[in-house]
Amino acid sequence: MTGNDDSILEYLAERDVALSPRGLDINLEREGIGISYRTINRRLKQLHEKGLVEKVDGDKGWYIISDKGHKYLEGDLDASELEDDGDNDGQ
């Protein structure tokens, strides 16, 4: 898990929205959160593999935070319980 992962999950949770990687990129930039589109796209795929976000609207690439993602943010699920992907972008 990276700091970027936390920012992405927090944004999705606080606004309770479904966003595409591009939509998330635009909105994070408007909030002053500097994560590149490429990183957002890559991290969303990783978060999806870990079950922290879910795809909505089929495979069109729109994401929402999952129940597991909420548990992680609430501290009910420790990052050490998630498989480490070895990716350190944003840390």
Side-chain angles (χ1 to χ4, degrees):
M1 296 294 294
T2 72
N4 288 334
D5 294 341
D6 290 348
S7 295
I8 290 167
L9 291 172
E10 288 167 2
Y11 189 89
L12 291 173
E14 289 170 4
R15 281 137 185 105
D16 193 26
V17 293
L19 289 171
S20 66
R22 180 60 68 197
L24 191 55
D25 175 42
I26 291 166
N27 285 286
L28 287 174
E29 184 177 320
R30 291 182 63 185
E31 297 277 333
I33 301 170
I35 307 172
S36 72
Y37 170 75
R38 182 176 167 187
T39 297
I40 289 168
N41 198 36
R42 184 173 51 248
R43 297 315 303 158
L44 279 170
K45 289 176 184 174
Q46 291 294 321
L47 292 169
H48 182 255
E49 287 178 12
K50 293 174 193 237
L52 298 172
V53 296
E54 298 173 359
K55 279 190 173 183
V56 294
D57 198 21
D59 289 328
K60 295 186 181 182
W62 288 74
Y63 295 88
I64 60 170
I65 189 167
S66 67
D67 289 340
K68 187 175 179 180
H70 282 289
K71 287 179 183 177
Y72 168 76
L73 288 178
E74 293 165 2
D76 295 333
L77 178 66
D78 191 81
S80 64
E81 297 177 53
L82 302 170
E83 184 178 324
D84 182 18
D85 60 19
D87 192 346
N88 291 321
D89 46 308
Q91 286 192 357

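Just so we're clear, the structure is a prediction, and the values are computed from it rather than from any experiment.
One distance of note links CG of Leu28 with OG of Ser7; it measures 7.5 Å at 0.5 Å rounding. In this structure, CD1 in Ile40 is found 10.5 Å from OH in Tyr11, a value given to the nearest 0.5 Å. For the atom pair CG (Asn4) and OG1 (Thr39), the distance works out to 6.0 Å, reported to the nearest 0.5 Å.
Counting all heavy atoms, side chain and backbone alike, Ser66 lies closest to Gly51 at OG-O, 2.5 Å. Nearest heavy atoms, Pro21 versus Gly61: CD-O, 3.2 Å.
Judged by distance alone, the side chain of Lys68 and the main-chain N or O of Lys50 form a donor-acceptor pair under 3.5 Å.
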Worksheet item: Hey, mind stepping through Leu52 and Leu77 against side chain to side chain contact (heavy atoms under 4.5 Å, CB included) and telling me if it holds?
Response: CA-CA 11 Å; Leu52 298 172; Leu77 178 66; 4.3 Å; yes
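Residues passing the salt bridge (charged side-chain N to carboxylate O under 4.0 Å, His left out) test with Arg38: none are found, sequence neighbours excluded. Listed by chain and residue number, Ser80, Glu81 satisfy the side-chain contact (heavy atoms from CB on, under 4.5 Å) test with Asp78 (two or more places apart in sequence, or in another chain). A search for side-chain hydrogen bond (donor to acceptor under 3.5 Å, both in side chains) contacts involving Ser20 returns nothing, not counting sequence neighbours. Evaluation of the side-chain contact (heavy atoms from CB on, under 4.5 Å) rule for Glu74 yields His70, Asp76 as partners, not counting sequence neighbours. With sequence neighbours excluded, no residue satisfies side-chain hydrogen bond (donor to acceptor under 3.5 Å, both in side chains) with Asn41. Every side-chain hydrogen bond (donor to acceptor under 3.5 Å, both in side chains) that Glu31 has, sequence neighbours left out, goes to Arg15. Every side-chain hydrogen bond (donor to acceptor under 3.5 Å, both in side chains) that Tyr72 has, sequence neighbours left out, goes to Asp6.
Contact annotation: the side chain of Tyr63 never approaches that of Leu24 to less than 4.5 Å [non-hydrogen atoms, C-beta and beyond]. Two residues are said to be in side-chain contact when any heavy atoms from C-beta on lie closer than 4.5 Å; Thr2 and Gln46 fail this criterion. No side-chain heavy atom of Glu10 sits less than 4.5 Å from a side-chain heavy atom of Ile65.
Ile64 belongs to a hydrophobic cluster whose remaining members, ordered by chain and number, are Val56, Trp62; membership requires side-chain heavy atoms of ILVMFWY residues under 4.5 Å apart, directly or through intermediates. Through ILVMFWY side-chain contacts below 4.5 Å, Ile26 is grouped with nothing and stands alone.
Counting non-hydrogen atoms of other residues, nucleotides and ligands closer than 6.0 Å to NZ of Lys45 gives a total of 12 or fewer.
The salt bridge (Lys or Arg N to Asp or Glu O under 4.0 Å) pairs that include a residue from residues 20-30 are Arg22-Asp25, where partners are two or more places apart or lie in different chains.
The only option from Asp5, Leu9, Leu19 that meets the side-chain contact (heavy atoms from CB on, under 4.5 Å) definition with Val53 turns out to be Leu9.
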